[in-house]
Amino acid sequence: MRVFSLIDGNNFYVSCERAFNPKLERRPVVVLSNNDGCVVSRSNEAKALGIKMGVPLFQIQALVEHHAIAVLSSNYSLYGDMSQRVMTTLAQFSPDQEVYSIDECFLSIDQASPTALLEYGTVIRQTVKRCTGIPVSLGFAATKTLAKLANRQAKQGDSGVYYLSAEQVDSVLAATELRDLWGIGRKLSKALALKGIHNGLDLKQANPVVIRQQFSVLVERLVRELNGDSCLPLETIATGRQSLIVSRSFGQPVFTQAHLHEAIASYLSKAAEKLRAQSLTSGMLNIFAASSRYQEEPYSESVSFNLPVATNSTVELLPYAATAAKALFQDGQRFKKAGVVLLDLGPETEQQTSLFDSLSSEKRETLQRLMQTMDQINRKHGTGTLTFAATGLERPWLIKAEHRSSRHTTCWDELVIVKSI
DNA sequence: TCTGGGGTCCTAGGACCC
DNA sequence: TCTGGGGTCCTAGGACCC
């Protein structure tokens, strides 16, 4: 018998910041989303002040000043690198690991006595803390869904480790709101309440067949998982991704087609770079532009392109930025956001050529070498060393990141200085 | 004035085929 | 006015997650 463990970083982004800046300990800290828009990570002290997840910064400005809350822009190169360190450390404890998100993973572990599991969990916690500086919590249980729940329990206790046994499930579920179950969101919790299901225990005791008819196979699976019947296997092999998105809100609204074009060209160029870094190509492209969601009559449109030959070359992709900007631009519209979605992804090595390819294979190889060279230069001398003119020079639409910490672990110029001479 | 970004999966409905 | 049944594939949109 095996049990699942869900391990996640406590207040992950805040913990990454604290790992390199001890001054952030024992005080309220928040990390903001891109463009310094919303709160996406909070220290316990910040949570205690009543700051909610996802709240816009401007709405808590007074609180920030009153309590001297440390406010940080997000620093994804740091978090991504710290995540890798945590995951690598955790992989020592079981050969069966599923990395589920930037800050959490499942491990499958041999069933043992509750005491032994709790001890093992404590060792895992201490090791991760020592090797990376990140505090984590662990929940053990019979299914992934229950392990998520156990992890929630772990966060409420002092030890940071919790084993949810079959005997305890009912009492814990009775005290759990539907919204707090993995897979139940706003809509589903409302819909379930209409059927007389109000908490986790109600859902556990519901008839899975009826639930499937009334809702979906997802909720049916959830009911089974709550009953200890494991329906969600550990996905240890990273499956090939199906899509890749680069989108940003603008630092300032965009009013001209030229600037919209620049932004789209930049995102497209970034997306192509990501494709190449993962040795993938894309066969389909979706480009969108939108006004603020909060304005009177929000605008949001998109255009799609089927590529004649799957590619990851910026040179081949860039012309679509101009076409898209022309199609999406509207005079007088106040653009706040744009993005690029690459779909129909496949491995570079299995490229399907087209009879009607406008480029010769020699030309394709030349282009490929050009891209490789460009990537090498940008890796060595820093992102943005070489760019395409279409991505713009002034770029007034660039995002704001006014409180970003240093990229301590991924950038030579930004290493931690222990002592200045 | 200011309100994130990047994913996955499921379902319904339409197009198309025999 | 009458005008089948069954299947697959694709896409858009919704819901959810972190």
Side-chain angles (χ1 to χ4, degrees), chain A residues 6-13 30-42 51-62 64 71-76 79-80 83 98-106 144-145 148 151-152 178-192 212-222 231-232 235 238-253 267 270-271 274 278 283-284 286 288 290-295 298 300-304 306 334 336-345 399-402 404:
Chain A
L6 178 75
I7 303 145
D8 72 354
N10 302 344
N11 316 328
F12 186 64
Y13 297 169
V30 298
V31 174
L32 303 176
S33 62
N34 257 320
N35 226 10
D36 293 347
C38 301
V39 171
V40 294
S41 182
R42 306 156 292 158
I51 296 174
K52 300 274 180 251
M53 183 68 175
V55 68
L57 176 62
F58 73 89
Q59 283 177 10
I60 56 162
Q61 210 50 263
V64 166
V71 175
L72 296 157
S73 303
S74 40
N75 183 347
Y76 288 102
Y79 311 150
S83 170
E98 173 185 341
V99 176
Y100 177 69
S101 76
I102 191 162
D103 77 328
E104 53 190 303
C105 78
F106 290 97
K144 281 171 134 183
T145 308
K148 287 282 267 190
N151 180 283
R152 264 177 60 85
L178 289 175
R179 227 12 276 262
D180 295 327
L181 292 172
W182 193 33
I184 302 291
R186 231 185 32 246
K187 297 265 176 173
L188 271 175
S189 55
K190 272 193 190 151
L192 284 163
R212 182 175 191 146
Q213 286 162 0
Q214 292 178 336
F215 298 93
S216 69
V217 62
L218 295 165
V219 190
E220 182 201 2
R221 260 197 316 244
L222 177 55
C231 305
L232 302 166
E235 288 169 26
T239 50
R241 63 157 77 224
Q242 298 171 15
S243 66
L244 189 159
I245 300 177
V246 176
S247 80
R248 295 281 180 279
S249 294
F250 302 136
Q252 294 173 31
Y267 303 159
K270 179 83 195 159
K274 282 192 182 179
Q278 298 174 48
M284 196 174 138
N286 182 276
F288 65 90
S291 70
S292 163
R293 303 206 306 275
Y294 304 93
Q295 81 181 30
S300 180
E301 284 297 331
S302 69
V303 278
S304 291
N306 273 306
R334 192 170 184 275
K336 233 353 220 159
K337 180 175 181 168
V340 169
V341 187
L342 300 181
L343 297 154
D344 190 15
L345 305 187
I399 60 162
K400 285 182 286 193
E402 288 166 0
R404 210 198 66 217

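Letters A, B, ... mirror the listed sequences (proteins, then strands); counts begin at 1. Computed from a prediction, not measured in an experiment: that's the story for all the values here.
For the P atoms, the distance from B:dC17 to C:dT3 is 24 Å, rounded to whole Å.
On the nucleic acid side, DNA chain C has its first and last nucleotide under 4.0 Å of a heavy atom of chain A at C:dA15 to C:dC18, going 5' to 3'.
Residue-level contact check: A:Gln61 touches neither bases nor backbone, having no heavy atom under 4.0 Å from any strand. Across all strands, A:Ile102 comes closer than 4.0 Å to no nucleic acid atom at all (heavy-atom distances). Across all strands, A:Val55 comes closer than 4.0 Å to no nucleic acid atom at all (heavy-atom distances). When heavy atoms are screened at a 4.0 angstrom cut-off, A:Gln59 is found touching no nucleic acid atom at all. Here A:Lys190 lies out of heavy-atom contact (under 4.0 Å) with every strand. Contacts of A:Arg212 with the nucleic acid, taken as non-hydrogen atoms under 4.0 Å apart, are absent. Counting non-hydrogen atoms under 4.0 angstrom, A:Asp103 reaches the backbone sugars and phosphates but no base. If you check every strand for non-hydrogen atoms under 4.0 Å, A:Leu244 touches sugar and phosphate atoms only. Residue contacts shown for A:Leu181 are limited to sugar-phosphate atoms, with no base heavy atom under 4.0 Å away. Contacts of A:Asn35 with the nucleic acid, taken as non-hydrogen atoms under 4.0 Å apart, are absent. Residue A:Lys148 is in sugar-phosphate contact alone, with no base atom involved, counting any heavy-atom pair closer than 4.0 Å across all strands shown. Across all strands shown, A:Tyr100 has heavy atoms under 4.0 Å from sugar-phosphate atoms exclusively, and none from any base. No contact: A:Leu57 has no heavy atom under 4.0 Å from any strand.
Toward the 5' end of DNA chain B, the nearer of the two residues A:Ser243 and A:Arg293, judged by each one's closest nucleotide, is A:Arg293. Between A:Phe215 and A:Phe58, the residue whose closest nucleotide on DNA chain B is further toward the 5' end is A:Phe58.
Counting heavy atoms from C-beta on, the side chains of A:Leu222 and A:Phe215 never come closer than 4.5 Å. By the 4.5 Å heavy-atom criterion applied to side chains, A:Glu104 and A:Lys148 are counted as neighbours.
Side chain of A:Asn306 to main chain of A:Met284: no donor-acceptor pair is present (N/O by atom type, distance under 3.5 Å, no hydrogens or angles). The backbone N or O of A:Glu402 lies less than 3.5 Å from a partner atom in the side chain of A:Ser73, making a donor-acceptor pair. Using modelled atom types, one side-chain atom of A:Asn151 and one backbone atom of A:Leu6 make a donor-acceptor pair closer than 3.5 Å. No donor-acceptor distance shorter than 3.5 angstrom exists from the side chain of A:Ser189 to the backbone of A:Arg179, with no hydrogens or angles considered.
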**Item:** side-chain contact (heavy atoms from CB on, under 4.5 Å) between A:Asp8 and A:Tyr100, worked out
**Value:** CA-CA 10 Å; A:Asp8 72 354; A:Tyr100 177 69; over 6 Å; no
**Asked** Stepwise, does the side-chain contact (heavy atoms from CB on, under 4.5 Å) test hold for A:Val39 with A:Leu32?
**Response** CA-CA 5 Å; A:Val39 171; A:Leu32 303 176; 4.1 Å; yes
**Fill in**
Symbol by symbol from the 5' end, with Watson-Crick or G-U pairs under 3.5 Å, [ ] crossing and | another strand, DNA chain B is ....||||||||||||||
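Ring planes of A:Tyr13 and A:Tyr79: parallel class, angle under 30° (limits at 30 and 60°). The aromatic rings of A:Phe250 and A:Tyr267 sit parallel, their planes meeting at an angle under 30°, below the 60° perpendicular limit.
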